[in-house]
Student: 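Supplied in structure tokens, the structure appears directly below.
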Amino acid sequence: MSTVKDVLRELVALEDPKMREANECRGDDHGVNLTHLRALAKRLKTQHELALQLWATGDTAARLVATLVCRPKAFSAAELDTMISDIRSPKLLDWFIVNVVKPGRHAEELRLGWKDGDDLVGRAGWSLTTERVVRNAEGLDLDALLDQIEKELRKAPAQKQWAMNHCLAEIGIHHPKLRTRAIGIGERLAVFIDYPASPGCTPPYAPMWIAEMVRRREGTRGP
């Protein structure tokens, strides 16, 4: 059984100043290669009490490890709500959602509570909403989601805006009856229309994103 001191000592040894500098440009305050973090967590295996202690340190790298060694179903909704309110790193937020919230027991309750939050909390709520849009849309009011996106997307905080835009694109991709409306919203709002995309990557501008992913899914050729 490893102690918090053991893990923190190893994280210090794995720290790379150049990686920290690159991560800080994206808002992530740690300098440890994510592959190394995963390898460390794999060695630790599941240790829920250790995960709680690592989270309590407030250190982002330690918290990333915590998301991989905890027992997601052991958390209450109130505990998860308290935890997310203290997250400042986008990468930590994403790992928290994927590794802790989604496998847990409270994803839908928290989705509803977080969707109207600011920035990172709002991003979490819309990330969970997008998951439902893609995997289990039954019971979702997709028209109401498009109404909210149309009203709020342009002025949403940056992190939340990214997740809302993703949701807009996935509605257009996975729900053909709403595709024309989703594309129209994207065209009117023009969010990310000039966002640079690397060669071979799909740009985040929703109308182009929708068109490209539908083309791939349907096996059709572009112009």
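Along the sequence shown, the residues carry numbers beginning at 1.
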Student: Applying ring pair (Phe, Tyr, Trp, His ring centres under 6.0 Å) to Phe75 and Trp55, what does each step give before you reach the verdict?
Tutor: CA-CA 13 Å; Phe75 291 109; Trp55 192 272; 8.1 Å; no

Student: Test of understanding: with salt bridge (Lys or Arg N to Asp or Glu O under 4.0 Å), list the residues that count as partners of Asp28, not counting sequence neighbours.
Tutor: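 Partners of Asp28 by the salt bridge (Lys or Arg N to Asp or Glu O under 4.0 Å) criterion come out as none, since no residue qualifies.
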
Student: If we count only N and O atoms by modelled type, under 3.5 Å, do the side chains of Asn136 and Glu131 hold a donor and an acceptor together?
Tutor: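 Distance-only check fails for Asn136 and Glu131.
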
Student: Apply salt bridge (charged side-chain N to carboxylate O under 4.0 Å, His left out) to Glu212 and Arg215, showing your working.
Tutor: CA-CA 5 Å; Glu212 174 59 20; Arg215 182 189 69 78; 2.6 Å; yes

Student: Roughly how far apart are Ser127 OG and Asp94 CG, rounded to 0.5 Å?
Tutor: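 One finds 6.5 Å between OG of Ser127 and CG of Asp94.
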
Student: Between Trp162 and Tyr195, does the ring centroid distance fall short of 6.0 Å?
Tutor: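 Yes.
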
Student: Measuring from Gln161:CD to Ile149:CD1, what's the distance to the nearest 0.5 Å?
Tutor: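 Answer rounded to 0.5 Å: 11.5 Å.
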
Student: Measuring only between side-chain heavy atoms, which start at C-beta, is Asp29 closer than 4.5 Å to Arg88?
Tutor: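 No, too far: nothing below the 4.5 Å cut-off.
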
Student: Look at atom CZ of Arg188 and say whether more than 12 heavy atoms of other residues, nucleotides or ligands are closer to it than 6.0 Å.
Tutor: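 Enclosed: over 12 neighbouring heavy atoms sit under 6.0 Å from CZ of Arg188.
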
Student: For Arg63, give me all partners under salt bridge (Lys or Arg N to Asp or Glu O under 4.0 Å), at least two apart in sequence or on another chain.
Tutor: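 If we apply the salt bridge (Lys or Arg N to Asp or Glu O under 4.0 Å) test to Arg63, skipping adjacent residues, the hits are Asp86.
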
Student: Between Val100 and Trp95, is any pair of side-chain heavy atoms under 4.5 Å apart?
Tutor: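 No, their side chains stay 4.5 Å or more apart.
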
Student: How far apart are the closest heavy atoms of Ala124 and Ile97, and which atoms are they?
Tutor: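 What the structure gives for the nearest pair is CB-CD1, 3.6 Å.
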
Student: Quick one: pull up CD in Gln47 and CG in Leu54 and give me the separation to the nearest 0.5 Å.
Tutor: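 If we round to the nearest 0.5 Å, Gln47:CD and Leu54:CG are 9.0 Å apart.
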
Student: Would you say the side chain of Pro72 lies within less than 4.5 Å of the side chain of Val101, judging by non-hydrogen atoms?
Tutor: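 Counting from C-beta outward, Val101 and Pro72 never come under 4.5 Å.
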
Student: Give the ring-plane orientation class for Trp209 versus His166, where under 30° counts as parallel, over 60° as perpendicular and anything between as tilted.
Tutor: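 Correct class here is parallel.
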
Student: Determine the minimum heavy-atom distance between Gly186 and Ala206, stating which atoms define it.
Tutor: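 What the structure gives for the nearest pair is CA-CB, 4.5 Å.
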
Student: Once salt bridge (Lys or Arg N to Asp or Glu O under 4.0 Å) is applied, do any residues pair with Asp141, and if so which ones, sequence neighbours excluded?
Tutor: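 Salt bridge (Lys or Arg N to Asp or Glu O under 4.0 Å) check on Asp141 returns nothing, list empty.
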
Student: With heavy-atom distances below 4.5 Å as the criterion, would you say the side chains of Val191 and Leu168 are in contact?
Tutor: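 Answer no - side chains too far apart.
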
Student: Does any part of the side chain of Glu10, heavy atoms only, come nearer than 4.5 Å to the side chain of Arg43, both counted from C-beta?
Tutor: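 Yes - at least one pair of side-chain heavy atoms lies under 4.5 Å apart.
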
Student: So, the side chain of Arg111 versus the backbone of Gly125: is there a donor-acceptor pair under 3.5 Å, distance only?
Tutor: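 Checked: no pair found.
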
Student: With the 4.5 Å side-chain cut-off for hydrophobic clustering, are Leu178 and Leu140 part of the same group?
Tutor: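 Hydrophobic grouping puts Leu178 with Leu140.
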
Student: Any salt bridge between Arg181 and Asp143, counting N to O under 4.0 Å?
Tutor: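 The answer is yes: the pair qualifies as a salt bridge.
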
Student: Side chains of Thr202 and Arg216 only: does a donor on one sit below 3.5 Å from an acceptor on the other?
Tutor: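 Judged by distance alone, the side chains do pair up.
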
Student: So that I can tick it off, tell me whether Arg132 and Glu138 are bridged by a salt bridge, with the cut-off set at under 4.0 angstrom between side-chain N and carboxylate O.
Tutor: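 Here Glu138 does not pair with Arg132 in a salt bridge, since their nearest N and O are not under 4.0 Å apart.
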
Student: With a 3.5 Å cut-off and no angle check, do the side chains of Arg20 and Asn23 form a donor-acceptor pair?
Tutor: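 Arg20 vs Asn23: no donor-acceptor pair found between side chains.
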
Student: From Leu68 CG over to Thr46 OG1, what is the distance, rounded to the nearest 0.5 angstrom?
Tutor: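 The OG1 atom of Thr46 is 9.5 Å from CG of Leu68, to the nearest 0.5 Å.
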
Student: Is there side-chain contact between Glu79 and Thr82, with heavy atoms separated by less than 4.5 Å?
Tutor: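 Side chain of Glu79 against side chain of Thr82, heavy atoms only: no contact under 4.5 Å found.
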
Student: Could you check if a side-chain atom of Gln159 sits within less than 4.5 angstrom of a side-chain atom of Trp126, using non-hydrogen atoms only?
Tutor: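 They are not in side-chain contact.
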
Student: Carefully, step by step, assess His30 and Leu34 under the rule side chain to side chain contact (heavy atoms under 4.5 Å, CB included).
Tutor: CA-CA 10 Å; His30 74 92; Leu34 297 180; 3.9 Å; yes

Student: Got a sec: does the CE of Met213 have more than 12 other heavy atoms crowding it under 6.0 Å?
Tutor: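 Yes, enclosed.
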
Student: Enter the distance from Leu120:CG to Ile84:CD1 here, rounded to the nearest 0.5 Å.
Tutor: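 One gets 8.0 Å once the value is rounded to the nearest 0.5 Å.
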
Student: Check whether His48 reaches the backbone of Arg71 with its side chain - one donor and one acceptor, N or O, closer than 3.5 Å.
Tutor: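 Yes.
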
Student: Kindly give the heavy-atom pair with the smallest separation between Ala77 and Leu110, and that separation in Å.
Tutor: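 Here Ala77 and Leu110 meet closest at O-CD2, 3.8 Å.
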
Student: Start with the C-alpha distance between Asn33 and Met19, add both sets of side-chain angles, then the distance that settles side chain to side chain contact (heavy atoms under 4.5 Å, CB included), and finish with yes or no.
Tutor: CA-CA 7 Å; Asn33 183 289; Met19 181 158 290; 3.8 Å; yes

Student: Assess whether atom CG of Asp147 is packed by more than 12 heavy atoms of other residues, nucleotides or ligands within 6.0 Å.
Tutor: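 Enclosed.
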
Student: Salt bridge between Arg9 and Asp6, side-chain N to carboxylate O under 4.0 Å?
Tutor: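 Salt bridge flag = yes for Asp6 with Arg9.
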
Student: So, does Arg123 use its side chain to make a donor-acceptor pair with the main chain of Ala163 at under 3.5 Å?
Tutor: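 No.
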
Student: Do other residues, nucleotides or ligands put more than 12 heavy atoms under 6.0 Å from the NZ atom of Lys102?
Tutor: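 Above 12, so yes.
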
Student: Rounded to the nearest 0.5 Å, what's the gap from CZ on Arg154 to CG on Leu189? Could you check?
Tutor: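 Arg154 atom CZ to Leu189 atom CG measures 5.0 Å (nearest 0.5 Å).
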
Student: So Trp114 and Asp81, do their side chains get closer than 4.5 Å, heavy atoms only?
Tutor: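 Contact flag for Asp81/Trp114 side chains = yes.
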
